[in-house]
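Following: one structure in structure tokens, then a few remarks.
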Amino acid sequence: MSYGLVITEEVSAMVKSPPMDEFTHEMFVHAMLDLPLDPHGVGTLVRPEGAFTTRTLAVGSHGLITYVVDETTATVTVVDVTWLG
Amino acid sequence: MARGVLREINSGRKLDFTSGSRRKVRPPKYEVMVTYAAPHGYVVLMSAMHSDATPGRIVLPRKIRAIRQALTPEQRVQFAAELDDIDAGGLRAVVEKWWLTAVLNMSGTWERVEAVKAGAVRTVPVEDVIPDFAELFEQRHSQPYVGHAGR
């Protein structure tokens with residue numbers, strides 16, 4: 001099964017403006033590439049709730065992507081990118 | 001199998017590698033991103049250095065006291081109950097789970113999660129943010145990215 005991958009407009013704006021530096025963006029892209037095929041097989045489960053599962057995925061050691069997997073629509077939505085440290 | 005990217009700080013030159021590569025890395029000369037094959041897939045493991053370009057970072061030590069303070073009252077009760085019942089071998093996983101929950105509390109992420117689940121958030125396809133996503137996906141996985149067309 002493959003999932004459609006979408007990003008909230010808020011995260012889209014975060015990625016585009018101001019743009020991530022090149023290396024951070026590359027790490028972000030690497031992380032995103034793993035989501036459509038097996039979103040439950042990467043990252044860390046945070047909260048399962050019915051058809052929705054909230055998980056987080058590291059972007060390097062200082063970033064955290066939060067995404068929601070919706071089994072009903074086979075959609076992975078990137079909800080937030082949090083920077084740590 | 002591990003794979004990843006090294007970027008030489010001074011020159012910006014990048015070196016792709018996969019398992020079997022043996023490159024001498026002497027931080028802080030290189031930034032390193034490594035993914036490795038976990039039982040259920042690839043996990044981004046580490047970056048040896050980071051950019052300071054992004055403001056608004058969240059700092060939360062992985063200590064029980066710090067985590068507890070960043071939880072809601074209801075979450076504190078659940079956290080305490082899990083700590084009471086956990087075997088020593090499972091302690092790290094419990095702390096990590098609740099550390100993540102606390103971080104998401106601090107960043108306001110839960111409100112965004114609930115809004116997404118309620119269908120109250122506008123979204124864009126990944127290609128709007130990463131225009132060459134389909135091409136990169138096919139390179140990485142040797143199969144096309146079909147998105148919702150794959151259902």
Side-chain angles (χ1 to χ4, degrees), chain A residues 1-12 14-16 18 20-38 40-47 49-50 52 54 56-64 66 68 70 73-75 77-80 82-85, chain B residues 4-5 7 12 14 31 33 35 38-51 53-60 96-97 100-101 103-104 106-110 112-113 115-117 121-126 128-130 132-133 136-137 139-141 143 145-151:
Chain A
M1 180 174 176
S2 181
Y3 294 77
L5 180 58
V6 299
I7 299 173
T8 66
E9 288 186 341
E10 189 176 0
V11 171
S12 172
M14 182 192 303
V15 174
K16 290 177 177 174
M20 293 175 173
D21 68 85
E22 184 186 357
F23 192 67
T24 303
H25 187 265
E26 192 164 333
M27 290 192 290
F28 176 76
V29 171
H30 266 261
M32 299 290 283
L33 287 170
D34 281 332
L35 291 180
L37 276 188
D38 188 13
H40 296 290
V42 295
T44 303
L45 173 65
V46 181
R47 181 182 292 178
E49 201 168 20
F52 296 100
T54 303
T56 61
L57 180 62
V59 181
S61 61
H62 294 276
L64 202 61
T66 303
V68 173
D70 179 354
T73 61
T75 301
T77 304
V78 175
V79 176
D80 206 359
T82 305
W83 300 105
L84 309 167
Chain B
V5 177
R7 185 179 72 163
K14 293 175 185 173
E31 289 179 311
M33 183 177 72
T35 58
H40 301 293
Y42 287 94
V43 177
V44 175
L45 176 62
M46 61 169 282
S47 171
M49 293 186 65
H50 66 91
S51 165
T54 307
R57 292 175 183 271
I58 288 177
V59 177
L60 181 65
E96 184 69 13
K97 169 189 162 186
L100 282 169
T101 298
V103 165
L104 300 188
M106 294 169 71
S107 62
T109 301
W110 289 119
R112 299 184 187 100
V113 167
V116 164
K117 288 160 61 176
V121 174
R122 292 164 63 100
T123 60
V124 298
V126 65
D128 279 17
V129 179
I130 307 170
D132 55 351
F133 184 83
L136 294 170
F137 184 91
Q139 286 174 8
R140 181 155 181 159
H141 298 292
Q143 66 182 79
Y145 170 65
V146 293
H148 285 113
R151 292 197 70 196

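In this text the structure is predicted, and so the values were computed from the model without any measurement. Throughout, a chain's letter reflects where its sequence line sits, starting with A, and its residues are numbered from 1.
Considering every non-hydrogen atom in both B:Val126 and A:Met32, the closest pair reads CG2-CE, 3.9 Å.
In this structure, the side-chain contact (heavy atoms from CB on, under 4.5 Å) partners of B:Val121, at least two apart in sequence or on a different chain, are A:Thr8, B:Ala115, B:Val116. Partners of B:Lys97 under the salt bridge (Lys or Arg N to Asp or Glu O under 4.0 Å) rule, at least two apart in sequence or in another chain, are B:Glu82.
Between B:Asp128 and A:Ser12, the closest side-chain pair of non-hydrogen atoms is not below 4.5 Å. Proximity of A:Phe52 to B:Val113: side-chain heavy atoms (C-beta onward) are nowhere separated by under 4.5 Å.
Within the model, atoms OG1 of A:Thr77 and CZ of B:Arg112 stand 14.5 Å from one another, a figure rounded to the nearest 0.5 Å. With values rounded to the nearest 0.5 angstrom, B:Trp110 atom CH2 is found 7.5 Å from A:Thr66 atom OG1. Between the CG atom in B:Leu104 and the OG1 atom in A:Thr82 there is a gap of 6.0 Å [rounded to 0.5 Å]. Atoms NE2 and CD1, on A:His62 and B:Ile58 in that order, are 14.0 Å from each other to the nearest 0.5 Å. Here the OG1 atom belonging to B:Thr109 is positioned 8.0 Å from the CG atom belonging to A:Leu64, to the nearest 0.5 angstrom.
Considering A:Leu33, A:Val29, A:Leu37 in turn, A:Leu33 is the only one that fulfils the side-chain contact (heavy atoms from CB on, under 4.5 Å) rule with B:Arg140.
In this structure, B:Tyr145 contributes its side chain and A:Pro36 its backbone to no donor-acceptor pair below 3.5 Å.
Counting heavy-atom pairs closer than 4.5 Å to chain B, the top-ranked of the candidates A:Asp70, A:Thr54, A:Leu45 is A:Thr54. With chain A as partner, the option from B:Leu136, B:Thr101, B:Leu60 having the largest number of non-hydrogen pairs under 4.5 angstrom is B:Leu136.
For B:Glu96, no part lies under 4.5 angstrom from a heavy atom of chain A.
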